[in-house]
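Read the structure below first, then the notes.
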Amino acid sequence: AVVSTQSTGFLSSYSLVDPLKSEDGKFFDLLWMAPEHLRQRETTPEPVIGSQKGDIYSFAVIVTEIMSKNTPYGDVNCSAKEIVMKVQEGYSPPFRPDIPLECSDGLAELIKMCWDEQTFSRPDFPKILAFLQVLHPQKQRSITDRMIKMMEQYTDNLEELVAERSEQLAIEKEKADNLLCRMLPKPIAEKLKQGEPVAPQAYDEVTIYFSDIVGFTDLSSQSTPFQVVDLLNDLYSLFDGIVERHDVYKVETIGDAYMVVSGLPVRNGNRHVAEIANMSLDFLNSIKKFKVRHKPDLELRLRIGMHTGSVCAGVVGLKMPRYCLFGDTVNTASRMESNGLPLKIHMSDDAYDALTKIGGYELECRGEISIKGKGVMTTWFLLGKESIEESQLLSTLPATTPPVTESPSPSIVRSRSSSRRSVNKPRSKPGGPAETVISIDGTAVYKNKSAEENEKTDSGQRNNGHNNGFLPSVNA
């Protein structure tokens, strides 16, 4: 539509859709033509020149087309030729498109005035504009103002849309970051996200934890695969909640094996052994209350081993990268677990030395046992934390030297960081039981005990420890 400064308009060939490509197509273009011009077209061989009153008629048809979002006479079951002929005949009432229900009463009255059969009854465009301003007083602005207003509304909607999409992107990014931090340590994940290389690092002293379920192979043979999955998911979900409360990093789980480390990738001084010890005690307490879904009367028995030493850690692989530990410390920690006892926390002499420096734990010497690939080692059991009463009792021991007593029971050492004492490791005595010498606050206490047999549970299932297939860096 083109409107001149003299309010003269020219409307032609307006449509929401392309004309039909058929023999009716030439009549389709005439659906917007005023009836007087249709009749003029029949009587005059020259091309019909439009008029302002004819444009007013076309304007009314266009308004109905916009409001109905359909072609003119779209609901009429007639061809374009039949519609043109009916409009041209000038019936009373005249044949016109249906006024859409979306039109207000005022707009519907304006449409009827614009396509009136009598040309003198049709208003001109200035009157139409005045009538529309009465219907919508808030829109009494120039075309430029209306365009600016439309651009402002579009900008506001665009800003809202961008803000909404940005919020959704932030939520999805947070989900991806959380998933990555579950697969890798957070400092390592941050470096990978920034595209930085992650070089292997050596750690002088960390503590590694291994555990498995005693009799898991037999339990699996008596359960369906789905029951095994549910069992491990319930158990490790319980363990994962405990891990969150300690300064440790869960390395991985393979079957019923659970591996945790403390002291890397963020070094924590000498607290790593205490973190693993506290976590291990929490695991034992929780496993005693754990119920298996399909075997509620079954009591799971957890076997735990821990060792302190040096390792090298780094990211291995590009697809599904893994943060792996390398070194003999991993192998020794696995051996502590595989040579341990059910519902016991078995630790090496190195872990014992590190834990006694911190103090506050009750430890029991197991004695010397043969470890595959390591030879004879002195190992210990972690029984629990030292109570306040026991600490006070130990600090009040007399300074006299008690007589040497013979006892077949293993020696129990309550480590205290505040006391000056030396612990001599058990040594074999020819012709007699192993002897343990303990000095607390300068008081010597001698206890003899028989050498304890190396008890192994479920050894037939794990003769090679935990290094068959998932820790290639450790020599069995």
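Note that these values count all heavy atoms, side chains included, but never hydrogens, waters or copies made by symmetry. Numbers here are sequence positions counted from 1.
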Neighbour count >12 (heavy atoms, 6.0 Å) for atom CD, Q168: yes
Quick check: are there more than 12 heavy atoms from other residues, nucleotides or ligands sitting under 6.0 Å from CG of L101? no
Answer yes or no: is there a donor N or O on one side and an acceptor on the other, between the side chain of S334 and the main chain of V330, under 3.5 Å? no
For Y323 and P265, which heavy atoms make the closest approach, and how far apart are they? OH-CB, 3.5 Å
Would you say L31 and I83 make side-chain contact, with heavy atoms under 4.5 Å? yes
Kindly indicate, with the supporting measurements, whether the criterion side-chain contact (heavy atoms from CB on, under 4.5 Å) is fulfilled by M306 and V273. CA-CA 9 Å; M306 53 185 287; V273 65; 4.0 Å; yes
Test log, rule side-chain contact (heavy atoms from CB on, under 4.5 Å), inputs N70 and E65: CA-CA 5 Å; N70 197 359; E65 186 177 4; over 6 Å; no
Look up atom SG in C114 and atom CD1 in I56, then write down how far apart they are to the nearest 0.5 Å. 6.0 Å
Within residues 88-115 or reaching into it, pairs that qualify as side-chain hydrogen bond (donor to acceptor under 3.5 Å, both in side chains) - sequence neighbours excluded: R96-E117
Would you confirm whether T356, through its side chain, and G359, through its main-chain N or O, come within 3.5 Å as a donor-acceptor pair? no
What I'd like to find out is whether the side chain of V261 reaches to under 4.5 Å of the side chain of V248, using heavy atoms alone. no
Could you go step by step and tell me if D349 and T379 meet the side-chain contact (heavy atoms from CB on, under 4.5 Å) rule? CA-CA 5 Å; D349 205 34; T379 61; over 6 Å; no
Quick check: do L341 and F381 have side-chain heavy atoms less than 4.5 Å from each other? yes
When you look at D282 and H246, which way does the side chain to side chain donor-acceptor pair (under 3.5 Å) test go after all the steps? CA-CA 10 Å; D282 290 343; H246 299 276; 2.8 Å; yes
Could you give the distance from NZ (K173) to OG (S166), rounded to the nearest 0.5 Å? 13.0 Å
Is it true that a side-chain atom of H346 and a backbone atom of M336 form a donor plus acceptor pair closer than 3.5 Å? yes
Treating E42 as the side-chain partner and R39 as the backbone partner, does any N or O pair qualify as donor plus acceptor under 3.5 Å? no
Taking side chain to side chain donor-acceptor pair (under 3.5 Å) as the test, write out the residues that go with S220, two or more places apart. none
Could you tell me whether K385 and E362 make a salt bridge, using a distance below 4.0 angstrom between a side-chain N and a carboxylate O? no
Provide the closest heavy-atom pair for S286 versus I242 in the form atom of the first, atom of the second, distance. OG-CD1, 3.5 Å
Can you tell me how far the CG atom of L343 sits from the CD atom of E299, to the nearest 0.5 Å? 8.5 Å
Side chain N339, main chain R335, donor-acceptor under 3.5 Å: yes
How far apart are the C-alpha atoms of F95 and V84, what are their side-chain angles, what is the distance that settles it, and do they pass the side-chain contact (heavy atoms from CB on, under 4.5 Å) test? CA-CA 9 Å; F95 186 77; V84 170; over 6 Å; no
Search all heavy atoms of T64 against all heavy atoms of P97 and return the closest pair with its distance. OG1-CB, 4.3 Å
So, D116 and R122, do they make that salt bridge, N to O below 4.0 Å? no
Tightest non-hydrogen contact, residues A351 and T308, listed as CA-OG1, 3.4 Å
So does T329 get a backbone contact from the side chain of T332, meaning a donor-acceptor N/O pair under 3.5 Å? no
When you compare the side chain of F125 with that of K127, does any pair of heavy atoms fall below 4.5 Å? no
Name all pairs fulfilling the side-chain hydrogen bond (donor to acceptor under 3.5 Å, both in side chains) condition that reach into residues 264-274, sequence neighbours left out, sorted by first residue then second. E205-H272, T207-H272, D247-N268, D247-R271, S262-N268, R271-E275
What residues form a ring pair (Phe, Tyr, Trp, His ring centres under 6.0 Å) with F283, not counting sequence neighbours? Y209, F239, Y258
Set of residues satisfying side chain to side chain donor-acceptor pair (under 3.5 Å) with respect to R165, sequence neighbours excluded: none
For K250, give me all partners under side chain to side chain donor-acceptor pair (under 3.5 Å), at least two apart in sequence or on another chain. D240
Please give me the minimum heavy-atom distance between G241 and R245, naming the atom from each residue. O-CG, 3.7 Å
Between N331 and H307: side-chain donor-acceptor atoms closer than 3.5 Å: no
For E167, is the CD atom crowded, meaning more than 12 foreign heavy atoms sit under 6.0 Å from it? no
Indicate yes or no: at least one non-hydrogen side-chain atom of L302 is less than 4.5 angstrom from one of P342. no
How long is the gap from CG on D256 to CG on L219, to the nearest 0.5 Å? 9.5 Å
Within the side chain of S280, is there an N or O that forms a donor-acceptor pair under 3.5 Å with the backbone of I345? no
Which pair of heavy atoms, one from K86 and one from C78, lies closest together, and at what distance? NZ-SG, 3.7 Å
F28 side chain reached by T71 side chain, heavy atoms, under 4.5 Å: yes
To the nearest 0.5 Å, what is the distance between CG on L110 and CG on L132? 5.5 Å
Do any N or O atoms from the side chain of S237 and from the backbone of D234 form a donor-acceptor pair under 3.5 angstrom? no
Using side-chain heavy atoms (C-beta onward) and a distance below 4.5 Å, is F290 in contact with L231? yes
Any heavy-atom pair between the side chains of V251 and V260 that's under 4.5 Å? no
Separation between CG of L235 and NZ of K291, rounded to the nearest 0.5 Å: 14.0 Å
